[in-house]
Enquirer: 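Just dropping this structure here.
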Amino acid sequence: MLRVGSKAACMACGNLVSNQVRFRIPLQKLHPLSRAIHHRYSGNTNPQRPPHRTAARYFTSMSRLPMRQPKPAPGSGGRYYQQQRNFWVVRLASRLLKLRYILLGTAVGGGYTAKKTYEEWKDMLPDFSEYNWVIPDFVWELSEQIDLDKLAKALPEMEEIAKLLPDLDKIGENFTFLKSLLSSETSGDPPLKATDSSAAATHDVSEKQYKKSSDKEKVDQLQEELLRTQLKYQRMLERLEKENKELRKVVLQKDDKGIHQRKVKKSLIDLYSEVLDILSDYDANYNTQDHLPRVVVVGDQSAGKTSVLEMIAQARIFPRGSGEMMTRSPVKVTLSEGPHHVAIFKDSGREFDLNKEEDLAALRHEIELRMRKSVKEGQTVSCETISLSVKGPGIQRMVLVDLPGVISTVTTGMAADTKETIFSISKAYMQNPNAIILCIQDGSVDAERSIVTDLVSQMDPHGKRTIFVLTKVDLAEKNLASPSRIQQIVEGKLFPMKALGYFAVVTGKGSSAESIDSIKDYEEDFFQSSRLLRDGMLKAHQVTTKNLSLAVSDCFWKMVRESVEQQADVFKASRFNLETEWKNNYPRLRELDRNELYEKAKNEILDEVISLSQVTPQHWESILQKKLWERVSTHVIENIYLPAAQTMDSGTFNTTVDIKLKQWTDKQLPHKALEVAWETLQEEFARFMAEYKGKDQDDIFDKLKEAVKDDSIKRHKWNERAMDSLRVIQHNALEDRSITDKPQWDAAIQFMEETLQSRLKDTESVIRDMVGPDWKQRWLNWMNRTPDQHIRNETKNELERLLKLHDDHTAYLANDEVTTVRKNLEGRGVEVDPVLIKDTWHQLYRRHFLQKALSHCNLCKRGFYYYQRHFVDSELECNDVVLFWRIQRMLAITANTLRQQLTNTEVRRLEKNVKEVLDDFGEDNEKKTQLITGRRVQLAEDLKKVREIQEKLEAFIEALHKEK
C-alpha cells in the first residue's frame with residue numbers, strides 16, 4: 001500500500017467526521033473503551049505537549065487496544081503539484097493514459113482497505129470473558145429458565161450499531177484521493193524536477209510557515225471530532241450497561257418469587273468481608289497475622305475522604321461536620337452489588353434503606369453514636385473498627401477502611417496524644433504489604449501543606465499499591481493561577497510520593513444537603529466545561545469518581561487474587577503450631593475458648609444458687625438462731641442481764657429488764673437480725689460454691705465466681721418493709737412471760753447455764769492474762785510473770801480476801817475500800833494505781849457474780865412449780881430464768897421469720913441478681929478477659945480464631961476459583 005505523511009492522515013480523519021452532527025454528552029460518562037478510538041499520531045502533532053502517561057493501563061485491559069497504521073497526509077503532494085503547473089500539458093496526457101489503471105487500483109485498494117478496517121475494528125473489541133466474574137454464578141444458570149430469544153430481540157439491531165461505525169465508503173474515497181495525489185507526486189519526469197529545483201526550494205520556506213500556523217488548528221479540530229466519536233460509543237455502552245443492570249436487578253428480585261429455587265450462596269465479597277471481620281477481632285499482632293488486602297483510605301483532615309467514599313457507595317452515609325473531626329475510629333465498608341440500596345451493620349440485623357432520607361439520617365446518627373462509644377474516656381480517637389456493609393445496584397465490589405484524618409496540630413478539647421494516635425492507626429493499616437492505599441489530597445490547598453503524602457511515601461516508597469486522588473479540582477482550577485500545576489500533580493511530578501495511578505474528582509460544592517445525583521451532575525458539568533480535560537492536562541480515564549471506583553475495584557481484586565492463597569498457607573501453619581502446643585500441654589482437656597468456658601462457669605454458678613433453695617428449714621433456723629445469739633449475746637448480758645441482776649428485788653429486776661428490752665427492740669435488734677440473715681445467706685452461698693469446687697471444678701473459674709458473688713451481694717438490697725414487721729414480731733415475743741410446760745423451763749435453764757458458763761470461761765481467761773501464769777505453769781513451762789502481772793496478782797489476792805469477807809458486795813468499790821486495798825498493798829511493798837485496782841475488781845466481781853448465778857440456776861431447776869404459783873410463799877425467785885426464756889423464744893421466732901423471708905423472697909432475689917450479673921459479664925468481653933485468664937484460655941482462643949479464619953479463607957478461595 002502507498003504511504004503518506006502524518007499530516008495527510010489528520011486531514012483524512014477530519015474529512016471523516018466533518019459531516020457528523022454535533023451533540024452534547026456529559027464527559028463523566030466516558031467509558032474506558034472510548035480511549036482506544038483515537039489516531040495514533042494525534043497526540044504528537046504539538047511538540048510542546050508531553051506524551052501521555054500510561055498509569056491507568058494497570059487498571060484495565062481496555063487500554064491496550066491495537067493502533068491503526070500511520071496514513072500519509074495529502075498536504076505536501078497537492079502543493080508540489082501546484083509548483084509544476086507550468087508543465088500541465090505533459091502531465092495531463094500522462095494522467096489520461098493512466099486513468100484506467102487508477103480506476104482499477106482504486107477499486108481494489110478500497111475493497112482491501114475496507115476489509116482491513118473492518119478486521120481492525122473487530123479486533124479492537126475487548127475480550128469480555130475476563131469479566132465473567134462480575135456476574136454471579138446463578139445468572140449463568142438462568143439460561144434454562146429465561147427465554148433468551150426475547151432478550152435478544154430487546155438488544156439493538158446491527159443496523160443501529162453499523163451507523164456508529166466509520167463510513168467505509170468515505171474512507172475509500174479519501175484513500176483514492178490520497179493515492180491520486182501520491183501518483184501525481186511520483187510520476188513526474190526527473191529531468192523536469194531538476195530544472196525546477198530552485199523554485200521548489202523557494203516554496204518550501206513559505207510552506208513551513210504555513211504549516212506552523214495551521215497545525216494547531218487542525219489538531220484542535222481533530223481532537224474535537226475524536227471526542228464526539230468517543231461520546232457516540234460511550235452512549236451506546238451506557239445504554240447496554242443500564243439494560244444489563246436492570247436485568248440483573250430483576251433476576252435478583254425474582255429469587256423470592258420462585259424463579260431461583262435453590263438457596264443463594266453468599267457473595268464473594270461477603271465471604272471475604274467475614275474473614276476481615278474475624279481478623280479485626282483476632283487479638284494478635286497485625287504485622288505478622290493480617291496481611292489480607294483491603295483499600296485503606298487516608299488523607300489530611302477535611303481533604304474529602306468521606307465524600308469520596310460516599311460517591312463510591314452512592315449514598316451520604318457518614319456524619320458530616322464543618323471543619324471538625326468527624327471520623328473518630330476506623331470504619332470498614334464492604335461494598336457489593338444487590339437489588340436494593342441498603343446498609344447493614346455487622347452486629348445488627350436492621351437494614352437502612354439508603355433511598356429514604358429518614359433512614360440515611362438514622363444511619364449517620366448510629367455511626368456517630370458507635371464512634372463516640374468506641375472512644376475511651378480522655379481520648380479523642382479509637383482504634384476499634386466499625387463494620388458496615390453497603391449493597392446496591394451498580395456498586396463495585398471491594399472493602400474500604402476509612403481512617404481518621406491526619407492532623408498537624410492538636411486543638412482545644414482533643415487529647416494530647418491525638419496526633420500520634422492517628423499516625424499509629426494509619427501506619428498499622430498501611431504497613432500491611434497487601435493493602436491498597438487510597439491517598440486523598442485536597443486540591444484546593446497548597447501542596448506544600450500536605451501531611452499525608454509524606455506518610456504514604458514512607459509506607460509505600462515505590463508506589464506499587466498507592467492510588468492518588470486529587471479532590472476539589474473545581475476549586476483548584478478556579479484558585480490556581482497556573483493550571484499546569486494540577487497536571488504536575490496528576491502526573492506525579494509535584495509530590496515526593498509515587499503512585500500506581502492518579503485521579504482527579506469533584507465531590508460537590510461543599511454543602512451537606514447535596515444529593516449524590518446532584519454531585520454527579522455537577523462533576524460531569526465541570527469536567528465537560530473544564531479546560532483541564534479539553535487542553536489535554538487531564539485524560540478522560542483520570543477523572544470522575546466512577547472511573548476511580550472501577551480502577552480501585554480492579555486493583556483490589558488483583559491484589560486479592562495474588563495474595564489470598566499465601567495468607568491461607570500462613571494461617572494453616574499457625575493452626576498446626578497451636579494444635580501441637582495444645583496436645584503437648586493439655587492432652588486431656590477440651591479446647592474451650594473464653595466464651596465456652598464462661599458458659600460452663602455460668603451454669604455451675606446458677607446450679608450453686610439453685611442449691612440454696614434446697615436447704616432445709618431446720619438448717620436455716622438453726623444457723624440463724626446461732627448466729628443471731630452470737631451477735632446479740634454480749635448486749636444481752638452486759639447491758640440487760642447484769643444491770644438488772646444488781647437490783648435488790650424481783651420487781652425492780654423485771655422493770656429494768658422490760659425497759660431495756662423495749663429500747664433494744666426499737667433501735668438495734670431488727671437491724672442486727674437482718675444483718676445476720678444477709679450474712680448467713682452469703683455464707684451459705686459461699687459454702688455451696690466451695691463444696692461444688694471440690695467436685696472437679698476448674699480453678700480457672702475462681703476469679704469469675706468471686707466477682708459474681710461480690711457483685712451480686714452489692715446489688716442485693718433487703719426488703720425494707722421486712723424490718724418493720726420483724727420489729728413487731730420481736731416485741732411481741734419479748735413481752736410474753738408465760739412458760740407453759742416443764743420442758744420449756746428446763747430448756748431455758750440449760751440455755752442460761754450455757755450462756756453463763758461461756759461468760760465465766762471468758763472472764764477467767766481474762767483474769768489469767770492479767771495475773772500471768774500460776775506456780776504450776778512457772779515450774780513446768782519455765783514461765784515468769786511480768787512486773788505488771790505481779791502487781792495485778794497481788795491486787796487480785798487482796799480483792800479476793802475482800803470478797804470473802806463481803807459475799808454480797810455490790811458491783812462497785814467504794815473510794816474508802818480502794819484506799820484500804822492500796823494501803824494494804826503498799827504495806828507489802830507493792831505500789832498500785834487506783835485505776836488498776838478498779839479494773840481488777842471488775843473482772844473479779846464478774847467472776848464472782850457468774851459463779852453465784854450458776855449456783856442460783858441449779859437451784860431453779862426445781863423451781864417450775866414455784867413459777868406456776870408466781871413464787872408465792874417461796875424464798876426462791878427465778879426471774880433471771882424467765883428472762884433467758886424470753887430471749888430464747890425471741891431468737892426462735894426471729895429465726896423462723898428470717899427463714900421464711902429467705903426462702904420465699906431473698907434467695908430468689910439473689911438468684912435473679914446472680915443471673916443479671918452473669919448476663920452483664922457475658923456482654924462485657926473486657927470483663928470476661930479479666931476474669932477468665934491463663935495460657936490455656938488464650939491458646940484455645942487462638943485455635944478457634946485461626947481455624948475459623950482458615951476455613952473461611954478456603955471457602956473464599958474455592959469460590960474465587962469457581963468465579964474465574
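FYI, the numbering just counts along the sequence from 1.
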Enquirer: Ignoring hydrogens and geometry, is there a side-chain-to-backbone donor-acceptor pair from Thr471 to Ala303 under 3.5 Å?
Expert: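 Answer holds: yes.
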Enquirer: Within a strict 4.5 Å, meaning less than it, do heavy atoms of the Arg294 and Ile436 side chains meet?
Expert: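 No; the side chains remain at least 4.5 Å from each other.
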Enquirer: With side-chain hydrogen bond (donor to acceptor under 3.5 Å, both in side chains) as the test, pick out the partner of Gln950 among Arg947, Glu954, Glu948, Lys952.
Expert: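 Per the side-chain hydrogen bond (donor to acceptor under 3.5 Å, both in side chains) rule, the option paired with Gln950 is Glu954, out of Arg947, Glu954, Glu948, Lys952.
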Enquirer: Going by heavy atoms in the side chains, are Ser348 and Arg370 under 4.5 Å from each other?
Expert: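 In short, these two side chains touch, coming nearer than 4.5 Å.
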Enquirer: Considering all heavy atoms of both residues, which atom of Glu351 and which atom of Val342 are nearest to each other, and what is their separation?
Expert: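 That would be OE1-CG1, 4.0 Å.
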Enquirer: Any carboxylate oxygen within less than 4.0 angstrom of a Lys/Arg side-chain nitrogen, looking at Arg364 and Glu368?
Expert: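 No, Arg364 and Glu368 are not salt-bridged.
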Enquirer: Is a side-chain N or O of Ser574 found less than 3.5 angstrom from the main chain of Val570, in a donor-acceptor match?
Expert: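 Not at all, since once roles are kept as given, no pair shorter than 3.5 Å links the two residues.
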Enquirer: If we check side-chain contact (heavy atoms from CB on, under 4.5 Å) with Val275, which of these qualifies: Val399, Ile949, Val564?
Expert: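 With Val275 as partner, Val399, Ile949, Val564 yield a single side-chain contact (heavy atoms from CB on, under 4.5 Å), made by Ile949.
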Enquirer: Which residue is it: Thr544, Thr306, Ile519? I am looking for the one with a side-chain contact (heavy atoms from CB on, under 4.5 Å) to Met311.
Expert: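 Looking at Thr544, Thr306, Ile519, the match for Met311 under the side-chain contact (heavy atoms from CB on, under 4.5 Å) is Ile519.
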Enquirer: So, does Trp557 use its side chain to make a donor-acceptor pair with the main chain of Arg397 at under 3.5 Å?
Expert: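 It does hold such a pair.
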Enquirer: When you measure from the side chain of Ser515 to the backbone N and O of Ser518, does any donor-acceptor pair fall under 3.5 Å?
Expert: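 At least one qualifying donor-acceptor pair exists.
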Enquirer: Considering residues at least two apart in sequence or located in another chain, which fulfil the ring pair (Phe, Tyr, Trp, His ring centres under 6.0 Å) criterion with Phe556?
Expert: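 Phe556 satisfies ring pair (Phe, Tyr, Trp, His ring centres under 6.0 Å) with Tyr272 only.
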Enquirer: Just how far is it from atom CE of Met430 to atom CG of Leu438, taken to the nearest 0.5 Å?
Expert: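 Interatomic distance, Met430 CE to Leu438 CG, rounded to 0.5 Å: 12.0 Å.
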Enquirer: Got Leu538 and Phe527 here, is their nearest side-chain heavy-atom distance under 4.5 Å?
Expert: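 Yes. Closest side-chain heavy atoms under 4.5 Å.
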Enquirer: Are Lys928 and Asn595 side-chain neighbours, meaning at least one heavy-atom pair lies under 4.5 Å?
Expert: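 Answer yes - side chains close enough.
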Enquirer: For the backbone of Leu939 and the side chain of Glu581, can you confirm whether one donor and one acceptor N or O come within less than 3.5 Å of each other?
Expert: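 Not at all, since once roles are kept as given, no pair shorter than 3.5 Å links the two residues.
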Enquirer: Does this structure show an ion pair linking Asp277 with Lys332, if we count only N-O contacts that are shorter than 4.0 Å?
Expert: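 Yes, charged N to carboxylate O under 4.0 Å.
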Enquirer: Which distance, rounded to the nearest 0.5 Å, do you find between the CZ of Phe503 and the CD1 of Ile467?
Expert: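 Going from the CZ atom of Phe503 to the CD1 atom of Ile467 covers 6.5 Å.
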Enquirer: Between Asp460 (side chain only) and Lys464 (backbone N and O only), is there a donor and an acceptor less than 3.5 Å apart?
Expert: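 Such a contact is found between Asp460 side chain and Lys464 backbone.
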Enquirer: Which atom names give the shortest non-hydrogen contact between Ile367 and Leu388, and what distance separates them?
Expert: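 Distance-wise, the nearest heavy atoms are CD1-CD2, 4.1 Å.
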Enquirer: Would you give the length of the straight line joining atom CE of Met398 to atom CD1 of Ile269, rounded to the nearest 0.5 angstrom?
Expert: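 Interatomic distance, Met398 CE to Ile269 CD1, rounded to 0.5 Å: 8.5 Å.
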Enquirer: Quick one: do the Tyr522 and Thr507 side chains pair a donor with an acceptor below 3.5 Å?
Expert: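 Judged by distance alone, the side chains do not pair up.
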Enquirer: Strictly by modelled atom types, are Gln938 and Asp942 linked by a side-chain donor-acceptor pair under 3.5 Å?
Expert: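 Gln938 vs Asp942: donor-acceptor pair found between side chains.
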Enquirer: For the residue pair Glu565 / His961, report whether a side-chain donor-acceptor contact shorter than 3.5 Å exists.
Expert: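 Side-chain D/A pair, His961 to Glu565: present.
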Enquirer: Any heavy-atom pair between the side chains of Val560 and Phe956 that's under 4.5 Å?
Expert: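 Heavy-atom side-chain distance check passes, below 4.5 Å.
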Enquirer: Taking the side chain as everything from C-beta on, heavy atoms only, tell me whether His291 gets closer than 4.5 Å to Ser563.
Expert: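 They are not in side-chain contact.
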Enquirer: Please confirm whether the backbone N or O of Lys472 pairs with a side-chain atom of Asp442, one donor and one acceptor, at under 3.5 Å?
Expert: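 Pair absent, no side-chain N/O of Asp442 close to backbone of Lys472.
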Enquirer: Any side-chain to backbone donor/acceptor pair from Asn547 onto Gln542? Under 3.5 Å, distance only.
Expert: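 Absent.
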Enquirer: Report yes if the side chains of Arg465 and Asn434 come closer than 4.5 Å at any heavy-atom pair, otherwise no.
Expert: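 Heavy-atom side-chain distance check fails, nothing below 4.5 Å.
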Enquirer: Within the 3.5 Å criterion, strictly below it, is a donor on Ser424 or Thr421 matched to an acceptor on the partner's side chain?
Expert: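 Their side chains do not contain a donor-acceptor pair, so the 3.5 Å distance test is not met.
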Enquirer: Give a yes-or-no answer on whether the side chains of Ser389 and Lys391 include a donor-acceptor pair shorter than 3.5 Å.
Expert: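 No - no donor-acceptor pair under 3.5 Å links their side chains.
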Enquirer: Are the side chains of Phe318 and Leu309 in contact, using a 4.5 Å heavy-atom criterion?
Expert: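 Yes, side chains in contact.
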Enquirer: Looking at Cys555 and Leu500, what are the two nearest heavy atoms and their distance?
Expert: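 Closest pair (atom of Cys555, atom of Leu500, distance): SG-CD2, 3.5 Å.
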Enquirer: Do the side-chain N and O atoms of Ser273 and Lys346 include a donor-acceptor pair separated by under 3.5 angstrom?
Expert: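 The answer is no; no qualifying pair exists.
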Enquirer: Out of curiosity, Ser426 OG to Ile437 CD1, how far, rounded to the nearest 0.5 Å?
Expert: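 Ser426 OG to Ile437 CD1: 10.0 Å, rounded to 0.5 Å.
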Enquirer: Which heavy atom of Val296 sits nearest to which heavy atom of Ala435, and what is that distance?
Expert: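 Scanning both residues, the minimum pair turns out to be CG2-CB, 3.9 Å.
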Enquirer: Atom OG1 of Thr929 and atom CZ of Arg594: how far apart are they, to the nearest 0.5 Å?
Expert: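 One finds 4.5 Å between OG1 of Thr929 and CZ of Arg594.
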Enquirer: Say whether, by atom type as modelled, one donor and one acceptor occur between the side chain of Ser382 and the main chain of Ser374 under 3.5 angstrom.
Expert: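 Yes.
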Enquirer: Calculate, to the nearest 0.5 Å, the distance between atoms OG1 and CG belonging to Thr334 and Leu276 respectively.
Expert: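 Answer rounded to 0.5 Å: 7.0 Å.
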